Structure formats: structure tokens, C-alpha cells
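Input: a single structure, listed below in C-alpha cells.
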Amino acid sequence: MTETFYEVMRRQGITRRSFMKYCSLTATALGLGPAFVPKIAHAMETKPRIPILWLHGLECTCCSESFIRSAHPLAKDVILSMVSLDYDDTIMAAAGHQAEAIIEETIEKYNGNYILAVEGNPPLNQDGMSCIIGGKPFLDQLTHAAEHCKAIISWGSCASYGCVQAAAPNPTQATPVHKVIHNKPIIKVPGCPPIAEVMTAVVTYILTFERMPELDQQGRPKMFYSQRIHDKCYRRPHFDAGQFVESWDDEAARKGYCLYKMGCKGPTTYNACSTIRWNEGTSFPIQAGHGCIGCSEDGFWDKGSWYARLTDIPQFGVEANADKVGATAAAVVGTATAAHIAASAVKRAMQKDAPKGDQE
Amino acid sequence: MTIQDTAYRSEPAVYVYEAPIRIWHWVNALAITVLCVTGYFIGSPLPTVAGEASDHFLMGYIRFAHFAAGYILAIGFLFRIYWAFVGNEHARQLFLPPLLNRHWWSGVLHEAKWYAFLTKEPLKYVGHNPLALLFMHFMLVWGTVFMIFTGFALYGEGTGMGSWQYQWFSSWIIPLFGQSQDVHTWHHLIMWVIICFIIMHVYVAIREDIMSRQSMVSTMISGWRTFKDNRKTDDDI
């Protein structure tokens, strides 16, 4: 019988008191009432931990780095232990063939019952040769592991949307997981990286309720991705008042005004940074004085500039945006109209001068 | 034109634009103006106002004006569609350009030639001339539809996932375009398409009023189309 989460925790020297703290914090993070704390605790105590295979494709490991920095210390121990017991090439002890063997073992042992967590994505060009794991393309590993899994968690923007390696021109054709695997439920947890508490809460939710959290149209858990950064930003009053930072070193920047004009992507980015924040709730980009770059949104690398409100339209040149393209078009139409007015006036003048027989 | 022409104006005037159409036209024009101005300032806000945030609501008011005008545009457009069913035959024309009618296309060509100074005289229409109808249908009607859909999709982001605006518009339009930023960009671009349309529309209406064979600007005020000669008209409807 597989150990429960609670057993793993106790074995690692975590007190019951700390365990209960974790349960209540997680319940809060999930937006659940106090009544759910014992339910979470009960699930943690009684249910065998969910085996998770954590695969790494084309990625930078920032998701793993974020994950192990989950604010309440227990989360990292609990969830991390659970993961490392199976497969995560960054943090597990095994290496080489020994490590790869674990995948097969897990797939066999928990056929149809394990969660496949994917960090990064597979490149499809050059027969997938741009990402080789254990001598084989990552694409093979992914499709094989996905075939037998219960559900997939797409960790981070790489797995969810493609992120930097899929940015134009995307030479390796890095492709998000949901465009490769079509027959499994996929939960996206985008962000570069996603917030640690969001990651642990998602795993806890799946364990406690034995189902996926409620997802939005794009497959993101609603509890963390249903509002924009802008909607909960503490600088929002300055936005509504019309008080903006105009340059990085101005008085408004020192006063902490809204970063909208500096290209903050808060108004178009769905994430929980402005509520949960980072590093044990210490801060988040906007609080540190830099606009949001929209890292949890689809294709954010190609939706620049990070320092302008209006998105660049590279098809019309490096510096073009909607207003520049539009104003140019309007100027062309305006000029043409003016020329047409002049031509019409000339025509009329000539008609008036012409002999009468020319007219109706 | 000349005094002689005035004497020939014997054909009776035709009542083309019923009162609801005229009211819609001018309300719509006002709404579009407010939407373009406030929309521009939402994308590129005015300079920072000094003082405490609690003393000001400038961006809030600009956004409110935009949303209010957006609602007026959308509701007005729905009413306009309704009136296409219950109004006179001219009320339907805007939505149904006879794109399969060869004679109508020859009318488009003739009007294009008229604007390229290649023909001496425009044709004479009780309703819209074919070229005007072509532009109005594709730039204004479809432009408005696009702006209403993308506009509500962006608005729904603010009202939140439980709202009808989100359910009906944001939930499928935002993923369709990719993400919110793309919807913003397209919403901006089509604003400029509509601005280009307005430049042409205003110019052409005044020019037609002066140079063509029927009244134009006054018709959208009084509803009556008057003519400058008594030859037969070239309408397809």
C-alpha cells in the first residue's frame, strides 16, 4: 500500500500542528470555508498519495524552482517528497538508466491512475531532436507517459502555451502539451513560473476531492486565474484617478502610481500575483515598481513591448502599434480626401466655365 | 446646379428615412464620436493628474463614458436591425447589399468612375447609391458588429467570469483571438477603420449633396429625398 501524504510528512519529522496549519492555509488559498480544513486533513491522512510523474521538456526549470519555494514549509516537503519518490529528473536521486527505469515502473504500477505533470514542452521539428531525454526525443516520452495517465498538469507557460522557446520564429516548433495530447484532461497552470502556492494548492485539491478543480475556457483553474492582476492590484486607485508613471525615474514612480503607461500587462493578464504574491507573500513585480510582463498569458514573448501600453504589430515594422498603423491609414484617407476635394472643385469650376451646350 | 435645373425639379420628393432611422443615425454618430475619443484616451491616457488618488476619477470617468456610449451603440444597433424588419424598404437596404446582382455592380463601377472623374454624371438614386452601400455595409455595419463583440468581450473581463458579458462574449472571443492583448489590438485597429469610414462618409455626403443629382445631408435630417432633375432613377430596389 502506498503511503499517505500524512505518513510521508510524519516520517519527515513534521509535527501534527504544522500539518494542520498547512491544511487550513491550503483551504484558504483554494477559497474554501473552514469546514473544509478537516476534509483536507482527512484526505491527507487516509488517501494514498497520488503518484506523479514529473517530466521535463524544453524548459528552464523555473517551475520546479518556484515549486520548492512554496510559502508554507510543509507543502514543499509533502508534495516534493511525493514527486521525488516517482520521477522528476531535476530533484530525484536516481540518474541515467536507473532514473528512466522509474518511469516504466510507475506507468506499469499505476496504469491509468497517476498524474502526469509536464514542465516544458516538446519540440516537433527535426523529428523532436531538439529535446532528447535518455537518448530519445522528449515527444516519445511524453506521448508514452500520457497514454497511461489519469490526467495531465501543464506546469507553467511552456507546457500551457509554449513560452520563450515557442516565440517567433520558433525554429524547433516547440508546441504546448494540449496541442500534442488530445485524449486526456489537461489542467493548465500558466506562469513563468507559476506561483508556488498555486501549484501546491492544485495538487492538494486533486487529492482531496479526487477531481480536477473547476477550469475556465482555457483550462486554467478558476480559483487562481479568473481575475486579472489589474482587478486586484493595490495601485488600481491610481489608475482610476488617472495617475500614471510616465518614466522610470519620475516623481510618480517614487509615489507608486499606476504603471499602465509603462506597459504594465496587469489589465490583460489572468493570474493571482496581486493577491497571493510571491516568496511567502513578500511582494510581486508591480509592488517592486516594474510592470507585469504578462508571463501567464498565451504568447507573451511576442506581444511586446513590455514597456508600452499598445501592443507592437511587427507585420507593420518594428515600432508599429494599432494607433500608429491606424493613424497612418486615417492620414492617407484624409490626404486623399483633401486631394479629391481639390479635384472636385477644379472640375466644377471648369464645368461652370465650359460652354452651355456641355451641360444637361 | 443652375437655375434652369432647379426649374426641372418636378419629380416629387420621396420620404426615404423614417424618423427612427434618422434618430438612430445621429445618436449612432454621437456614440461613435464619444467611443473613438474616449477609446483613444483609454489606450493612451492623458497626462498624470496631481494630488491624492481619492480626489480624482479621471480615468474612471473616461472609461464610464466609453462603456455608456458602447451600450448606446449596441442597443441602437439592435434597434436598427429591428427597424430593418418593420421599417420601409429603404430601412433594409443597409443590411442587404444585392451582391449577386450584376446591374448593381455596374452601378458600383459607374459611381467609382464618377469619383475617379471618368464619367460626366453620377446615376440617380432614391436609396443609397451602390458604392455608398458597399462601403457602409462592409466598413460600418460589419465594423460595428466587430466592435460590439470585441468591446463586450473586453468589458466582460472587468465585470468578471460570472457576468453575462463574460459568458456571452469574453469566454469565447478572447481565446479565439489568442489572448486579451490581441483583442485590444484588433479593437483599436477597427476603430481606425471606422474613423477612415467617417472621413469618407462625411466628405462624400457633402460632395453628393452639392454635385450629385439628389439631396443627401438634408435627407438625413428631414427624411425627404429631393432631386435635381426629373429623369428616371437607377435604383435596384
Side-chain angles (χ1 to χ4, degrees), chain A residues 161 216-218 222 226-228 230-231 237-246 250-252 257-258 260-261 265 267-270 294 297-300 303 309-313 321-323 325-330 332-334 336-338 340-341 343-344 347-348 351-352 356 358-360, chain B residues 1-2 4-5 8 40 43-63 115 117 120-121 157-158 160-162 170-172 174-175 178-193 195-197 199-200 202-204 207 210-211 229 231:
Chain A
Y161 299 126
D216 71 2
Q217 297 274 334
Q218 298 189 44
K222 270 188 180 173
S226 64
Q227 277 183 312
R228 297 168 300 176
H230 190 57
D231 296 323
H238 292 295
F239 170 82
D240 289 328
Q243 297 180 314
F244 302 101
V245 176
E246 310 269 354
D250 68 1
E251 187 61 24
Y257 286 179
C258 176
Y260 186 82
K261 281 190 181 178
K265 299 290 178 281
T268 52
T269 304
Y270 289 80
E297 286 297 315
D298 194 356
F300 78 100
K303 303 278 159 60
R309 168 62 195 156
L310 301 177
T311 310
D312 290 343
I313 307 176
N321 62 38
D323 275 359
V325 171
T328 307
V332 168
V333 171
T337 304
H340 206 269
I341 291 171
S344 303
K347 181 184 174 178
R348 254 181 101 72
Q351 272 180 343
K352 274 184 183 156
K356 291 243 159 177
D358 248 23
Q359 291 189 30
E360 288 301 322
Chain B
M1 289 198 168
T2 61
Q4 268 184 326
D5 286 337
Y8 291 148
Y40 182 82
S44 310
L46 291 160
T48 289
V49 293
E52 288 297 319
S54 53
D55 292 338
H56 302 285
F57 198 60
L58 182 62
M59 197 69 177
Y61 287 130
I62 289 173
R63 292 174 75 242
Y115 274 91
F117 304 104
K120 228 173 182 180
E121 184 181 68
E157 293 196 284
M161 282 194 176
S170 321
S171 62
W172 61 278
I174 303 242
Q179 53 133 301
S180 180
Q181 267 183 276
D182 301 286
V183 185
H184 279 91
T185 301
W186 278 102
H187 196 68
H188 260 256
L189 284 172
I190 304 305
M191 169 189 82
W192 286 104
V193 169
I195 288 174
C196 288
F197 171 80
I199 295 170
M200 293 191 284
V202 172
Y203 165 57
V204 161
R207 186 183 194 269
I210 298 167
M211 296 180 72
D229 59 52
R231 284 174 288 150

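Lettering of chains follows the sequences in order, A, B, ..., and the numbering in each one begins at 1. None of the values given here were measured: they were computed from a predicted structure.
- Annotation: maximal heavy-atom pairing with chain B below 4.5 Å, among A:Thr311, A:Leu310, A:Asp240, occurs at A:Asp240.
- Remark: A:Phe239 pairs with A:His230, A:Tyr260 by the ring-ring contact (aromatic ring centres under 6.0 Å, His included) rule, at least two apart or across chains.
- Heavy-atom pairs under 4.5 Å with chain A peak, among B:Cys196, B:Pro45, B:Gly60, at B:Pro45.
- For A:Asn321, no part sits under 4.5 Å from any heavy atom of chain B, backbone or side chain.
- Ranked by non-hydrogen atom pairs under 4.5 Å with chain A, the options B:Ile62, B:Asp182, B:Asp55 are led by B:Asp182.
- When all heavy atoms of B:Ala53 and A:Pro237 are compared, the pair lying nearest together is CB-O, 4.0 Å.
- A distance of 4.0 Å separates CE in B:Met161 from CG in A:Asp216, rounded to the nearest 0.5 Å.
- Residues A:Ser344 and B:Tyr203 come closest through the heavy atom pair OG-OH, 3.3 Å.
- When all heavy atoms of A:Gly334 and B:Ile199 are compared, the pair lying nearest together is CA-CG2, 4.2 Å.
- Residue with the most contacts toward chain B among A:His238, A:Gln217, A:Lys261: A:Lys261 (heavy-atom pairs, distance under 4.5 Å).
- Each of B:His56, B:Arg63, B:Glu157 has some count of heavy-atom pairs under 4.5 Å with chain A, and the biggest count is that of B:Glu157.
- For the residue pair B:Ser180/A:Glu297, the side-chain donor-acceptor check at 3.5 Å is not satisfied.
- Both the backbone and the side chain of A:Asp323 come within contact range of chain B, each with at least one heavy atom under 4.5 Å from a heavy atom of that chain.
- With a 4.5 Å cut-off on non-hydrogen atoms, B:Leu46 touches chain A through its backbone but not through its side chain.
- A pairwise comparison of heavy atoms in B:Ile195 and A:Ala330 identifies CG2-CB, 4.3 Å as the closest pair.
- With a threshold of 4.5 angstrom between heavy atoms, A:Ile313 approaches chain B through side-chain atoms but not through N, CA, C or O.
- The candidate with the highest count of non-hydrogen atom pairs below 4.5 Å against chain A, out of B:Leu58, B:Ile174, B:Val183, B:Val193, is B:Leu58.
- In this structure, the side chains of A:Val333 and B:Met200 come closer than 4.5 Å at one or more pairs of heavy atoms.
- Ranked by heavy-atom pairs under 4.5 Å with chain A, the first of B:Ala50, B:Gly43, B:Pro175, B:Gly160 is B:Gly43.
- Heavy-atom pairs under 4.5 Å with chain B peak, among A:Val325, A:Ile341, A:Asp231, at A:Ile341.
- Both the backbone and the side chain of A:Ala327 have a heavy atom closer than 4.5 Å to some heavy atom of chain B.
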### Task
Carefully, step by step, assess A:Tyr270 and B:Gln179 under the rule side chain to side chain donor-acceptor pair (under 3.5 Å).
CA-CA 10 Å; A:Tyr270 289 80; B:Gln179 53 133 301; over 6 Å; no
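- The 12-atom threshold is not exceeded at OH of B:Tyr61, counting heavy atoms of other residues, nucleotides or ligands nearer than 6.0 Å.
- Within a 6.0 Å radius of CD in B:Glu52, no more than 12 heavy atoms belonging to other residues, nucleotides or ligands are found.
- At least one donor-acceptor pair closer than 3.5 Å links the side chain of A:His340 to the backbone N or O of B:Tyr115.
- Among the candidates A:Glu251, A:Lys347, A:Arg228, the residue making the largest number of heavy-atom pairs closer than 4.5 Å to chain B is A:Arg228.
- The closest donor-acceptor contact from the side chain of B:Gln181 to the backbone of A:Lys303 lies under 3.5 Å.
- Between the side chain of A:Gln243 and the backbone N or O of B:Thr48, no donor-acceptor pair lies under 3.5 Å.
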